[in-house]
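So that the names make sense, note that chain A is the first sequence line, chain B the second, and so on, each numbered from 1.
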Amino acid sequence: MRVTTSFPLGTLRDTPSEAEIISHQLLLKAGYIRRVSSGVYAYMPIMLRVIEKISAIIENELNSIGCTKLLLPQLHPADLWKKSERWEGYTAGEGIMFNLKDRQGKEFGLAPTHEEVITSIASEIINSYKQLPQCFYQIQTKFRDEIRPRFGLMRSREFIMKDGYSFHSSRNDLALFYEKVGNAYENIFKSCGLQTVGVEADSGAIGGASSKEYMVTADAGEDSILFTESGSYAANIEKAVSIPSQPNLLKDHISGWLETPQQKTIFEVCKNNNLDPSQIIKVVIFLAKFESKSEVPILACIRGDQHINEVKLFNLINKLYRSNLLNIEKIEDKNIIEKNLFNLPLGFIGPDLDNETIKESSSWDKTWTRIIDHSASSLSKFISGGNKVNFHKVFQDFSFASKDYLIEDIRNAKKGDKIKIDDNEELKEKKGIEIGHIFQLGQKYSEKLNAKFSDKDGQLKNLWMGCYGIGVTRIAQASIEQNHDEKGICWPIQISPFEVIIIPTNLKDPIQRDLTEQIYNNFITNKIDVLLDDRDDRAGVKFKDAELIGIPFQIIIGRDSIKKEVELICRANNTKFKISSDKLLKKFISESEIMYNKNS
RNA sequence: CGGGGCGUGGCGCAGCUUGGUAGCGCGGGUGCUUUGGGAGCACUAGGUCGCAGGUUCGAAUCCUGUCGCCCCGACCA
């Protein structure tokens with residue numbers, strides 16, 4: 001490709017002010033993407049080459065474990081999503097699915113994911129266990145109506161994703177294939193030159209049993225991951241389970257009521273009464289809203305030095321009730337409290353808050369669903385709200401084990417916690433960018449969509465399913481987050497838009513010009529991804545651009561052309577080789593091979 | 001949706017407090033000089049100051065509304 005005639009670069013001198021994190025700034029500054037609307041980007045030619053390289057790596061690896069590529073529609077009829085009972089949850093209220101009506105008034109959604117479509121199609125073509133297992137995948141634009149798109153391609157409303165769906169005759173076969181995909185994923189990310197961690201994850205709205213996320217570790221990441229140094233454990237903070245630190249037990253002589261005027265937070269109560277947060281039980285109230293329109297008030301208790309994990313809480317409540325849970329939110333709004341609750345001593349609530357606090361006139365469930373975290377239930381003596389404004393009290397031998405209280409894990413694990421009682425290893429925390437996610441869905445979708453096959457005994461059974469995602473555009477940006485310096489991007493060679501860029505420093509010099517053409521043609525003939533910066537610009541400009549766009553190798557053609565000598569420079573570590581032009585190709589091939597092997 | 005900030009040429013910004021008819025740097029074009037680290041000089045094109053109302057003799061500037069964008073939070077395969 002020649003910059004002047006077929007590959008305009010579109011780099012910017014200044015960093016656009018809209019970008020906050022480095023990878024987003026570089027994508028814009030180096031001319032890879034242009035913003036069209038909030039969370040909607042155009043991928044410029046140079047970006048498309050990166051996307052295609054990543055896609056090729058993915059395809060290669062998935063094909064090798066027997067997956068088959070296809071392409072599914074992006075416009076999905078609402079009926080299909082109503083069958084899986086996801087239409088309401090994905091469109092109404094907090095819905096993330098763009099949806100629209102055609103001229104007949106028929107409803108459609110723009111697909112954020114394809115379980116429904118693939119399941120209905122697969123069930124039409126799969127009839128017998130003899131056809132199993134099968135795995136179909138596609139690489140395609142997905143849509144999500146993000147409330148707040150941010151960080152460029154990291155959280156955008158339109159993005160390219162590889163999504164795959166597998167079908168199996170048994171739970172066991174699914175589990176085996178899931179492992180296989182996990183291995184393929186490790187290979188894919190390695191081949192992309194990325195450092196990733198596989199972590200246990202929450203399976204979220206998509207549902208299903210087991211789920212694993214692949215994270216690129218980077219400070220700009222939006223997820224927190226907890227792991228042990230030895231690698232024995234790694235999980236998303238949403239999912240992580242740990243042993244809380246030991247509490248400071250209350251002294252024996254403390255008992256009865258504590259007057260705590262205006263002390264509504266744990267911090268204030270501790271400061272004014274010389275207490276430790278682990279001696280207090282914090283009570284937080286939530287409202288759970290269900291698809292069936294029913295609303296259930298939740299009383300969640302946890303030790304004062306710990307935090308409630310709302311994902312765990314959500315999953316727990318979702319399991320507890322029949323109807324689909326839409327969301328849970330903290331009850332904070334004064335109007336809502338006044339309308340539904342009676343004399344709520346906000347800031348002074350205890351675990352024994354009376355059901356009488358819920359007004360008869362309220363549309364809510366009339367009893368509190370009481371959930372106590374293990375960290376709280378194990379305290380035999382503790383301080384909590386007195387259910388009376390300006391008072392806390394000491395609870396002694398309070399029995400959470402009675403039938404009114406559910407003792408569960410609703411706690412955020414945190415760094416410093418231990419994993420096992422007999423193991424001293426502590427959890428560490430890092431930020432991560434989720435670039436892949438694999439799930440064992442089980443039979444959730446095949447049941448809803450009636451996707452069956454005949455087993456060996458001729459019996460109709462529901463298909464077992466897995467689903468597997470990789471954020472293609474997210475990989476591109478995450479890679480920049482991991483591979484850049486003060487000059488710009490340093491692509492891993494495997495996903496770089498070009499392997500090498502040729503920079504003639506002075507094209508007016510006929511010797512340089514001829515040598516440039518000769519080298520360029522030679523590289524093209526040898527099927528090397530080469531970009532020729534044939535702009536009639538000063539050398540400095542071309543050097544800066546080459547560094548900014550991050551091509552791993554540069555060939556500088558300059559003064560020594562007369563001696564048929566050129567320079568080969570490695571972008572990442574700035575090693576330079578002065579070399580005769582007839583040995584250049586060979587040298588480049590050996591150097592680039594080293595780089596390919598090092599990264600993968 | 002709550003809090004904060006910003007919309008002025010392709011990009012980065014000044015001007016707004018105190019109204020007087022738009023400016024700087026970079027980028028673009030042309031010419032000459034220069035040519036291994038974002039060149040110099042000269043000339044030049046390009047903006048209904050997000051949009052709509054209002055106040056005023058006069059609005060980028062003041063007022064009202066509205067749209068868009070960014071950041072924090074809530075939210076999130």
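Here A:Glu146 lies out of heavy-atom contact (under 4.0 Å) with every strand. Using a 4.0 Å heavy-atom criterion, one finds that A:Asp509 contacts no nucleic acid atom at all. Looking at heavy-atom distances under 4.0 Å, A:Arg150 makes contact with a base. Counting non-hydrogen atoms under 4.0 angstrom, A:Arg144 reaches the backbone sugars and phosphates but no base.
Shown here, B:rU18 forms no base pair; nothing in the strands shown gives a Watson-Crick or G-U wobble contact with both key distances under 3.5 Å. Partner assigned to B:rC11 is B:rG25, using Watson-Crick or G-U wobble distances below 3.5 angstrom. Checking B:rU34 for Watson-Crick or G-U wobble geometry (two distances, each under 3.5 Å) identifies no partner in any strand. Partner assigned to B:rU48 is none, using Watson-Crick or G-U wobble distances below 3.5 angstrom.
Taking the P atom of each, B:rG46 and B:rC24 are spaced 15 Å apart, rounded to whole Å. Atom name P, nucleotides B:rG25 and B:rA42: the rounded distance is 11 Å, in whole Å. Annotation: B:rU18 and B:rU30 have their P atoms spaced 47 Å apart (nearest Å). The same atom, P, is picked in B:rC41 and in B:rC51; the two are 35 Å apart, to the nearest Å. The P atoms of B:rG5 and B:rC62 are separated by 15 Å, rounded to the nearest whole Å. When the P atom is used for both B:rU55 and B:rG28, the distance is 46 Å, rounded to whole Å. When the C1' atom is compared between B:rU44 and B:rG53, the two are found 38 Å apart, to the nearest whole Å. Between B:rA39 and B:rG27, the two C1' atoms lie 15 Å apart (nearest whole Å).
Atom OH of A:Tyr90 and atom P of B:rC76 are 11 Å apart (whole Å). Following rounding to the nearest Å, A:Lys289 (NZ) and B:rC75 (C1') show an atom-to-atom distance of 14 Å. Distance A:Leu12 CG to B:rG28 P: 12 Å, rounded to the nearest Å. In this entry the distance linking CD of A:Glu18 with P of B:rC13 reads 11 Å, nearest Å. As rounded to whole Å, 5 Å separates atom P of B:rC75 from atom CD of A:Glu310. What separates CD of A:Glu213 from P of B:rC76 is a distance of 14 Å, to the nearest Å. Atom P of nucleotide B:rA74 and atom CD of A:Glu238 are separated by 12 Å, given to the nearest angstrom. In this structure, A:Phe314 atom CZ and B:rC75 atom C1' are separated by 12 Å, rounded to whole Å.
Both A:Ala19 and A:Lys542 sit near RNA chain B, but only A:Lys542 has its closest nucleotide nearer the 5' end.
Here B:rA77 is the nucleotide among B:rG73, B:rA77, B:rC70 with the atom lying nearest to any side-chain atom of A:Tyr165. The side chain of A:Arg13 lies closest to B:rG27, out of B:rG27, B:rC71, B:rA77. Distances were taken from every side-chain heavy atom of A:Ile147 (C-beta onward) to each of B:rC75, B:rA77, B:rC70; the shortest belongs to B:rC75.
Between A:Tyr468 and A:Phe439, the ring center distance fails the sub-6.0 Å criterion. Proximity of the aromatic rings of A:Phe108 and A:Phe98 is defined here by a centroid distance below 6.0 angstrom, and this criterion is not met. Ring to ring, A:Tyr165 and A:Tyr137 are not that close: their centroids are 6.0 angstrom or more apart. Not less than 6.0 angstrom separates the ring centroid of A:Phe167 from the ring centroid of A:Trp464. A ring-centre distance under 6.0 Å is found for A:Phe523 and A:Phe588.
Inspection of the A:His484 and A:Glu481 side chains reveals no N or O donor paired with an N or O acceptor under 3.5 Å.
Ion pairing between A:Lys69 and A:Glu59 holds under the 4.0 Å rule for side-chain N and carboxylate O.
Residues A:Lys239 and A:Ala201 come closest through the heavy atom pair CD-O, 3.4 Å. Scanning both residues, A:Tyr32 and A:Met47, for their nearest heavy atoms gives O-CB, 3.0 Å.
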For nucleotides 35-37 of chain B, which of its nitrogen or oxygen atoms have a protein nitrogen or oxygen under 3.5 Å away, and what is each distance?
from, atom 1, to, atom 2, distance (Å)
B:rU35, O4, A:Lys508, NZ, 3.3
B:rG36, O2', A:Arg559, NH2, 3.1
B:rG36, N1, A:Glu567, OE1, 2.6
B:rG36, N2, A:Glu567, OE1, 2.7
B:rG37, N1, A:Glu547, OE2, 2.7
B:rG37, N2, A:Glu547, OE1, 2.2
B:rG37, N2, A:Glu547, OE2, 2.9

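For B:rG38, the base has a donor-acceptor partner in the side chain of A:Asp545 [N/O atoms by modelled type, under 3.5 angstrom].
Contact annotation: A:Ser37 reaches the phosphate of B:rC69 (side-chain N/O to OP1 or OP2, under 4.0 Å). Contact between the side-chain N/O atoms of A:Ser17 and the OP1/OP2 oxygens of B:rC13 is found at a separation under 4.0 Å.
With A:Asp536 as the partner, the salt bridge (charged side-chain N to carboxylate O under 4.0 Å, His left out) test is satisfied by one option alone out of A:Lys542, A:Arg513, A:Lys508: A:Lys508.
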